Novice: 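First the structure, which I've put down as structure tokens, then a few questions once you've had a look.
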Amino acid sequence: MSAGPQNAVVKEIPPKAADLSAWYTAACLKAELVSYSPVRGCVVLRPAGFGLWENLQRELDARFKATGHENAYFPLLIPESLLMKEAEHVEGFAPEVAWVTHGGQEELTERLAIRPTSEVIIGTMYAQWVQSYRDLPILINQWANVLRWEKATRPFLRTMEFLWQEGHTAHASAEEAREETLRMLDVYRDFAENVAAVPVYAGVKSASERFPGAVETFAIEALMPDGKALQSATSHDLGQNFARAYDITFADVDQQIKHAYTTSWGMSWRMLGAMIMTHGDDRGLRIPPKMAPIEVVFVPIVRTNDDRAIAACREAADTLKAAGFRVRVDVRDEQPGWKYSEWDLRGVPVRVEIGPRDVDAGTAVLVRRDRAKGDPQQKQSVSVEALQRVLPALLDDIQRSLYAQAKQFLDERTIAASDRVSFYEMCKNRAGMIDVPWCARPECEAHVKEETGATTRLLRDLAAGATACIPCGEPAKVNAYFAQSY
RNA sequence: CGGGGCGUAGCUCAGCUUGGUAGAGCGCUACGUUUGGGACGUAGAAGUCGCUGGUUCGAGUCCAGUCGCCCCGACCA
């Protein structure tokens with residue numbers, strides 16, 4: 001592991017602005033979200049990290065259910081012959097598929113792929129389940145792990161094995177499938193912005209960025225502090241491509257046998273990486289309250305011959321717990337200051353300090369993680385009875401303020417380039433989301449990528465009055481956000 | 001997979017140039033004093049120097065190979 005410079009504020013992690021990569025890795029490890037494991041490219045998700053994942057699951061799952069989906073589970077292993085059926089799909093994933101070749105000592109007659117994604121196995125099952133238009137739509141999601149043989153890995157952002165959810169739906173018409181694709185894209189946008197407090201752009205991908213086998217790929221894209229974009233979820237309109245390859249057919253109302261239209265959509269634990277990088281500061285993580293496994297941590301201040309604060313914290317915490325707050329009381333035998341720093345590092349949104357003076361006065365000190373040390377609004381004293389009343393608004397305010405800070409950054413770093421030279425410069429310098437009229441030609445995108453490392457992140461309708469592609473000068477067809485990406 | 005860097009105590013690292021049998025700070029354990037933004041004292045435990053092989057009387061140090069991690073590129077949630 002690289003050393004990284006020491007820092008007066010937090011000794012465990014380097015300053016965020018100096019080296020985002022070093023900060024990020026240290027933050028994930030020191031906040032005990034993940035540990036590296038003996039398996040190359042695979043991390044252990046520790047309780048603090050799994051708590052984030054559980055909250056993501058809870059929030060997303062509720063949205064899936066609300067839009068009519070059900071959960072199911074499909075096998076990890078995919079027979080090679082099945083995988084080979086969709087040509088583009090196979091080609092796209094071939095380099096990152098891991099194979100099971102032996103069962104015990106015996107070599108298998110057919111290799112089994114460890115799923116890099118589940119279109120194949122799910123499509124195969126849908127083919128069996130669908131006979132009639134009355135069987136449609138099928139709206140299924142699965143929470144699962146997948147494996148992709150990656151060369152360079154980083155916690156959450158890219159690991160060989162990762163957790164995600166993948167929704168797979170089948171519909172009777174192209175329109176309905178497209179509607180579903182966009183609906184789920186909006187669910188992701190809503191989750192990213194309103195739960196993870198990560199502002200994103202949502203839109204369609206260029207041809208070169210399309211999912212292998214999809215007709216159209218949509219995505220949400222966030223902008224990290226170093227100016228690189230991070231694709232945080234995708235939603236694919238698969239048209240009839242997979243239905244043809246896996247023979248998902250149905251008799252329609254008009255008595256014609258037709259291929260179904262399918263979609264797939266996924267968000268992985270990469271979203272957690274986006275959230276961590278977006279909100280963290282030099283003291284460590286800043287977890288948005290809606291995602292925080294612990295919303296409020298109590299730190300009692302104990303003096304020799306006076307440990308009344310412990311009982312006071314426990315009592316207040318019990319009341320809050322009963323009211324539905326996620327709380328913890330830190331009774332470890334450490335200095336209060338040490339605990340403050342540690343809970344700062346772990347990103348708990350609100351800390352409540354209760355010491356002898358508070359016990360006497362019936363008060364508690366509320367400290368919000370989103371504000372800097374020394375900010376007059378970082379701390380406030382309230383009566384213990386008022387906690388339950390004050391906290392919802394405080395947590396909500398922290399949630400909003402984290403989003404607002406990130407939104408301001410995204411807005412400031414979304415920049416229109418007006419000529420070719422400045423466009424290439426901005427791409428190279430990771431200026432942010434570079435917004436330009438674009439010709440939509442793959443050759444043009446390839447050239448930009450070769451010169452600057454940037455690609456289109458999302459496309460949208462051509463801005464009014466725009467005529468020429470900024471990168472190459474050909475007639476413009478759409479507007480595109482260009483950026484380097486993770 | 002290319003280019004660069006790094007693997008020595010739980011963590012951060014020194015020691016390697018010039019081979020001679022293992023070090024520091026922090027952390028950890030026990031006891032005591034402390035406790036409102038990373039406390040202090042006393043005593044103690046802790047490393048087959050990533051792994052394998054080679055050179056040598058002798059290897060953390062030299063040589064070869066290998067595994068892993070980090071950074072920068074190329075490829076992808």
Side-chain angles (χ1 to χ4, degrees), chain A residues 1-14 19-22 24-26 29-30 35-43 92-97 116-117 146-166 188 208-212 217 219-221 230-236 264-274 283-284 299-307 309-310 332-345 351 353-359 363-365 367 373-374 378-379 381 449-450 453 455 484-486:
Chain A
M1 207 178 306
S2 68
Q6 288 301 297
N7 170 329
V9 185
V10 183
K11 35 186 168 176
E12 280 89 349
I13 57 176
D19 182 349
L20 184 66
S21 287
Y24 175 77
T25 304
L29 294 171
K30 300 297 181 180
S35 263
Y36 290 125
S37 75
V39 191
R40 185 182 79 80
C42 296
V43 296
F93 279 105
E96 22 189 346
V97 172
T117 178
V146 287
L147 192 79
R148 297 179 186 179
W149 211 259
E150 298 288 351
K151 291 158 188 163
T153 60
R154 319 184 57 190
F156 298 123
L157 301 181
R158 180 169 294 105
T159 48
M160 296 221 306
E161 182 186 11
F162 60 90
L163 296 183
W164 76 345
Q165 56 69 219
E166 44 181 328
Y188 290 141
S208 65
E209 296 282 320
R210 199 172 284 152
F211 177 75
T217 287
I220 57 171
E221 292 272 344
L230 182 58
Q231 179 172 305
S232 305
T234 51
S235 186
H236 313 292
S264 69
W265 26 274
M267 177 180 278
S268 76
W269 68 21
R270 173 182 257 197
M271 181 73 227
L272 300 181
R283 284 186 284 147
V299 177
I301 291 136
V302 176
R303 292 243 168 82
T304 309
N305 300 323
D306 184 359
D307 61 358
I310 292 177
R332 290 174 299 175
D333 184 20
E334 298 286 355
Q335 301 283 117
W338 187 90
K339 294 179 183 177
Y340 300 166
S341 297
E342 165 154 293
W343 292 112
D344 278 354
L345 173 61
R351 182 175 74 239
E353 308 169 3
I354 297 181
R357 295 201 295 273
D358 294 298
V359 175
T363 58
V365 176
V367 186
K373 277 199 253 183
Q378 186 205 11
K379 301 184 182 185
S381 183
K449 182 172 185 179
E450 198 165 320
T455 52
Q484 293 182 33
S485 69
Y486 275 95

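Each chain gets a letter, A, B and so on, in the order the sequences are listed, and its residues count up from 1. Worth saying up front: this structure is predicted, and the values here are computed from it rather than measured.
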Novice: Give T304(A) one of three labels, base, sugar-phosphate or nothing, depending on what nucleic acid heavy atoms sit under 4.0 Å from its own.
Specialist: base
Novice: By nearest atom, which of the nucleotides rC72(B), rG37(B), rU35(B) is closest to the D344(A) side chain?
Specialist: rG37(B)
Novice: How is G41(A) classified with respect to the nucleic acid when contacts are heavy atoms under 4.0 Å: base, sugar-phosphate, or nothing?
Specialist: sugar-phosphate
Novice: Roughly, in whole Å, what's the span from CD in Q484(A) to C1' in rC72(B)?
Specialist: 11 Å
Novice: Under 4.5 Å between any side-chain heavy atoms of Y188(A) and T234(A), yes or no?
Specialist: no
Novice: Across all strands, who's sitting opposite rU34(B) as a Watson-Crick or G-U wobble pair, both distances under 3.5 Å?
Specialist: none
Novice: Here's a test of your reading of the structure: between H236(A) and G453(A), which maps to the more 5' nucleotide of RNA chain B?
Specialist: G453(A)
Novice: Using atom P in both nucleotides, what's the gap between rG23(B) and rG44(B) to the nearest angstrom?
Specialist: 16 Å
Novice: Of the nucleotides rA77(B), rG36(B), rA74(B), which one has an atom closest to the side chain of A152(A)?
Specialist: rA74(B)
Novice: Determine whether E166(A) and V146(A) make a side-chain contact, defined as any pair of heavy atoms from C-beta on separated by less than 4.5 Å.
Specialist: yes
Novice: Look only at the side chain of T363(A) and the backbone of S381(A), and say whether a donor-acceptor pair between them is shorter than 3.5 Å.
Specialist: no
Novice: Can you find an N or O donor on one side and an acceptor on the other, under 3.5 Å apart, linking the side chain of R283(A) with the base of rG38(B)?
Specialist: no
Novice: Both distances below 3.5 Å, Watson-Crick or wobble geometry, any strand: find the nucleotide opposite rC62(B).
Specialist: rG54(B)
Novice: Check the distance between rG36(B)'s P and I354(A)'s CD1 and give it to me in whole angstrom.
Specialist: 16 Å
Novice: Does rC69(B) have OP1 or OP2 under 4.0 Å away from a side-chain N or O of T25(A)?
Specialist: no
Novice: With heavy atoms under 4.0 Å as the rule, sort R40(A) into base, sugar-phosphate or nothing.
Specialist: sugar-phosphate
Novice: What is the base-pairing partner of rU48(B), counting Watson-Crick and G-U wobble geometry with both distances under 3.5 Å?
Specialist: none
Novice: Between rU34(B) atom P and D306(A) atom CG, what is the distance in whole Å?
Specialist: 13 Å
Novice: So, the side chain of K339(A) versus the backbone of R332(A): is there a donor-acceptor pair under 3.5 Å, distance only?
Specialist: yes
Novice: Please state the P separation for the pair rC26(B) and rC62(B) - nearest whole angstrom.
Specialist: 30 Å
Novice: Taking atom P in both rG38(B) and rC71(B), compute the distance separating them and give it to the nearest angstrom.
Specialist: 31 Å
Novice: Can you tell me how the ring of H236(A) sits relative to the ring of F211(A), calling it parallel under 30°, perpendicular over 60° and tilted otherwise?
Specialist: parallel
Novice: K30(A) has an atom NZ; how far is it from atom P of rG10(B), in whole Å?
Specialist: 13 Å
Novice: In whole angstroms, how far is the C1' atom of rG38(B) from the CG atom of D333(A)?
Specialist: 14 Å
Novice: Verify the contact: side-chain N or O of Q335(A) to OP1 or OP2 of rG36(B), cut-off strictly under 4.0 Å; return yes or no.
Specialist: yes
Novice: Please work out if V365(A) contacts a base, only the sugar-phosphate, or nothing of the nucleic acid, heavy-atom cut-off 4.0 Å.
Specialist: base
Novice: May I ask you to say what T159(A) touches in the nucleic acid, namely base, sugar-phosphate or nothing, with a heavy-atom cut-off under 4.0 Å?
Specialist: base
Novice: At 4.0 Å (heavy atoms only), tell me whether E166(A) reaches a base, stays on the sugar-phosphate, or touches nothing.
Specialist: nothing
Novice: Can you tell me how far P of rC70(B) sits from NZ of K151(A), to the nearest Å?
Specialist: 17 Å
Novice: With the criterion set at under 5.5 Å between ring centres and under 30 degrees between planes, would rA39(B) be stacked on W338(A)?
Specialist: no
Novice: What nucleic acid atoms does R332(A) come within less than 4.0 Å of, heavy atoms only: base, sugar-phosphate, or nothing?
Specialist: nothing
Novice: Which nucleotide, in any strand shown, forms a Watson-Crick or G-U wobble pair with rG73(B), with both distances under 3.5 Å?
Specialist: rC1(B)
Novice: For the side chain of S268(A), counting heavy atoms from C-beta on, which of rA74(B), rA77(B), rU34(B) is nearest?
Specialist: rA77(B)
Novice: When you measure from the side chain of Q165(A) to the backbone N and O of M267(A), does any donor-acceptor pair fall under 3.5 Å?
Specialist: yes
Novice: Over all strands shown, is P356(A) touching base, sugar-phosphate only, or nothing at heavy-atom distances under 4.0 angstrom?
Specialist: base
Novice: Counting the atoms with a prime plus P, OP1 and OP2 as sugar-phosphate, which does V299(A) contact under 4.0 Å by heavy atoms, base, sugar-phosphate, or nothing?
Specialist: nothing
Novice: For a quick check of understanding: with a heavy-atom distance under 4.0 Å over all strands, which category does G266(A) fall into, base, sugar-phosphate or nothing?
Specialist: nothing
Novice: Kindly point out which of rC72(B), rU35(B), rG37(B) is positioned nearest to the side chain of I301(A)?
Specialist: rU35(B)
Novice: rA74(B) P sits how many Å from E96(A) CD, rounded?
Specialist: 17 Å
Novice: Taking only the side-chain nitrogens and oxygens of T153(A), find out if one of them lies under 4.0 Å from OP1 or OP2 of rG68(B).
Specialist: no
Novice: Kindly say whether, by distance alone, the side chain of E342(A) makes a donor-acceptor pair under 3.5 Å with the base of rG37(B)?
Specialist: no
Novice: Assess R148(A) against F162(A): is NZ or CZ under 6.0 Å from the centre of the six-membered ring, and within 45 degrees of the ring's axis?
Specialist: no
Novice: Is there side-chain contact between Q231(A) and Y486(A), with at least one heavy-atom pair below 4.5 Å?
Specialist: no
Novice: Round to the nearest Å and state the distance from R154(A) atom CZ to rC72(B) atom P.
Specialist: 7 Å
Novice: Do K379(A) and rG37(B) have a side chain to base donor-acceptor pair shorter than 3.5 Å?
Specialist: yes
Novice: Which one is paired to rA14(B), where only Watson-Crick or G-U wobble pairs with both distances under 3.5 angstrom count?
Specialist: none
Novice: As a test of reading the structure: which of rG37(B), rG36(B), rA77(B) is closest to the side chain of V367(A), going by heavy atoms?
Specialist: rG37(B)
Novice: Using a cut-off of 4.0 Å on non-hydrogen atoms, how would the nucleic acid contact of Y486(A) be classed: base, sugar-phosphate, or nothing?
Specialist: base
Novice: For E353(A), which contact category applies under a 4.0 Å heavy-atom criterion: base, sugar-phosphate, or nothing?
Specialist: base
